[in-house]
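Right, one structure below, let's go through it.
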2 protein chains.
Amino acid sequence: MGLRERKKAQTHAALSWAAIRLTVERGFDQVKVEDIAEAAGVSPRTFNNYFSSKAEAIAFRHLDRCLRVAEELRGRPGEPLWDAITGSVLRQFAPDAEAIAHPPPVDAAQWTEGVRVMVAEPALRGEMLRAGATAEAEIAAAVAERTGGDPERDLYPHLVASAVMGAVNTAISHHLRIDAAVPVRRLLTDALDRIAAGLATP
Amino acid sequence: MGLRERKKAQTHAALSWAAIRLTVERGFDQVKVEDIAEAAGVSPRTFNNYFSSKAEAIAFRHLDRCLRVAEELRGRPGEPLWDAITGSVLRQFAPDAEAIAHPPPVDAAQWTEGVRVMVAEPALRGEMLRAGATAEAEIAAAVAERTGGDPERDLYPHLVASAVMGAVNTAISHHLRIDAAVPVRRLLTDALDRIAAGLATP
DNA sequence: CCGCAAATCTGCGCGGCGCGCAATTTTTAA
DNA sequence: TTAAAAATTGCGCGCCGCGCAGATTTGCGG
């Protein structure tokens, strides 16, 4: 990757993190695009060269994470399908090195509450789901490679991908709904196990 | 339901149908809010009393349909869970009396193509998914009633609801991707059956 | 090290959107 | 019939997304 692309990636990340941080701190519509651009050290106009809306900037990190699941999945060709899926998901949603570098310039509890408010924002929810759907296509492709199906014609890979993203979304929502001490890791494994078991009544 | 609420429902429907029709005909950003309002015989300002964006107006019909699935589900307490789910979904996504009343002032193929373009619109995709998520909460509640769980604390109802909406979305996407003669009904039953079977490799 | 071409950033400006506010019209209930 | 409640409407503001064209930076061959 050349210097050029690396700088682009940096700017993407900087803008996204700035958008998240400011939104968590102040709330979605107390943040202007101008503020995000300034925080990332770039002109307002440039913001829209990278993202077509505030919401997209905020959802970018989610998109990235989910895309990495597909990537990771391709890197585990041997394992049984659902083992590979669970492993990939857990890997990407583990406490993150990047997240530790960037994150809360404030109290942890306060941060979590800010995130809760943020993801409740209607405009954001749509954008997050859209990011999930984008990743879903990649996951479907990865699954198709593995099981030897055609993503254009077969329903199966898309169903699996959809179920996986559904499990992820559900686990995260549950985690934010209940601020209990249940670790996300357990919620994710539970969810995926249940799905692989046909969602039989517990 | 009083006269008042009925008129509101009418206006909702009128605005939504107008938004859909115009968007299918001209494309998303060739339609101004003003146009939709005019087509529904209402002032532009009133549009925003009903919907907070063009996208929301267009997605309204989808939201309505999906909410009816939850409603129908509550009306089938006896059946085994997945039979009830499949039944409810098929009922709501069958060729629709309302859709036949309102719909294409143009060629059917042309209409389908317009719909394809419409749902490809990024802003719309997010809004449709959000509508699905809203309905998902209702479905989860309905499932919880049936299985005797607590939607606040249990993961299971949400997982089922998520899987159902995932199946619906996947089936619809597949239907639009392949313009084959495969009826949506079959795609929906296939998808739901596979999920209830634990998504085993076919 | 130089200079050129391509990619990127930036300032400007426009049209549309979402919504608060207050006045007006319509509906409901007494 | 009349008063209260609710819905519709017009007006106006601030922000947003983006096209355009000029300035700036980056990558590369000489």
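Chain naming here is simple, since letters A, B, ... match the order of the sequence lines and numbering starts at 1 in each. We use all heavy atoms of the structure for the numbers below, so side chains are in, but hydrogens, waters and symmetry mates are not. Just so you know, these numbers come straight off a predicted model, no measurement behind them.
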Below 4.0 Å: OP1/OP2 of C:dT8 and any side-chain N or O of A:Lys7: no
So, B:Thr170 and B:Ser173: side-chain donor and acceptor under 3.5 Å apart, yes or no? no
The complete set of salt bridge (charged side-chain N to carboxylate O under 4.0 Å, His left out) pairs with one or both residues in residues 16-33 of chain A, sequence neighbours excluded, reads A:Arg21-A:Glu25, A:Arg26-A:Asp35
May I have the step-by-step check of side-chain hydrogen bond (donor to acceptor under 3.5 Å, both in side chains) for A:His62 and A:Arg65, ending in yes or no? CA-CA 5 Å; A:His62 184 61; A:Arg65 259 192 174 175; 5.9 Å; no
Do B:Val168 and B:Leu188 come close enough that some side-chain heavy atom pair is under 4.5 Å? yes
Look at the side chain of B:Asn48 and decide which nucleotide, out of D:dT8, D:dC16, C:dG18, has an atom nearest to it. C:dG18
Quick one: is B:Ser52 getting a side-chain N or O under 4.0 Å of the C:dG18 phosphate, OP1 or OP2? no
A:Glu56 CD to D:dC18 C1', in whole Å, measures 14 Å
Within less than 4.0 Å of OP1 or OP2 of C:dC9, is there a side-chain N or O belonging to A:Ser43? no
Of C:dT10, D:dA7, C:dT8, the nucleotide closest to the side chain of B:Tyr50 is D:dA7
For the side chain of A:Asn49, counting heavy atoms from C-beta on, which of D:dA7, C:dG18, C:dT10 is nearest? C:dT10
Whole angstrom value for the distance that separates C1' of D:dC16 from CZ of A:Phe51: 16 Å
Test side-chain hydrogen bond (donor to acceptor under 3.5 Å, both in side chains) on A:His158 and B:Arg177 and set out the steps. CA-CA 12 Å; A:His158 294 279; B:Arg177 189 166 45 240; 3.3 Å; yes
Rounded interatomic separation in angstrom, taking CZ from A:Phe47 and C1' from C:dG11: 18 Å
Between CG of B:Asp29 and P of C:dC14 the distance, given in whole Å, is 21 Å
With 3.5 Å as the limit, what N/O pairs link the protein to nucleotides 20-23 of chain C?
{"unit_1": "C:dG20", "atom_1": "N7", "unit_2": "B:Arg45", "atom_2": "NH2", "d": "2.9"}
{"unit_1": "C:dG20", "atom_1": "O6", "unit_2": "B:Arg45", "atom_2": "NE", "d": "2.6"}

I need the NZ-P distance between B:Lys32 and C:dC17, as an integer number of Å. 8 Å
Distance check needed: C:dG18 C1' versus B:Ile36 CD1, whole Å only. 14 Å
Separation of atom CG in A:Asp35 from atom P in D:dG14, rounded to whole Å: 16 Å
In this structure, how many angstroms lie between the C1' atom of D:dC16 and the NZ atom of B:Lys54, rounded? 13 Å
Pair B:Asp64 + B:Arg68, salt bridge at N-O below 4.0 Å: yes
Mark yes when over 12 heavy atoms from residues, nucleotides or ligands other than A:Glu121 sit less than 6.0 Å from its CD; otherwise mark no. yes
Salt bridge (charged side-chain N to carboxylate O under 4.0 Å, His left out): pairs with one or both residues in residues 125-140 of chain B, sequence neighbours excluded: B:Glu56-B:Arg130, B:Arg74-B:Glu138, B:Glu127-B:Arg130
DNA chain C contacts made by residues 121-133 of chain B, counting heavy atoms under 4.0 Å: none
Take atom CD in B:Glu79; do more than 12 heavy atoms of anything else shown fall under 6.0 Å from it? yes
Hey, which of B:Phe47, B:Trp17, B:Tyr50 is the one that makes ring pair (Phe, Tyr, Trp, His ring centres under 6.0 Å) with B:His12? B:Tyr50
Through what angle, rounded to 10 degrees, does the axis of the helix from C:dC1-D:dG30 to C:dA30-D:dT1 turn between its ends, using five pairs per end? 30°
Filter on salt bridge (charged side-chain N to carboxylate O under 4.0 Å, His left out), then keep only pairs touching residues 41-52 of chain B, sequence neighbours left out; what's left? none
State whether a side-chain donor-acceptor pair under 3.5 Å links A:His174 with B:Arg153. no
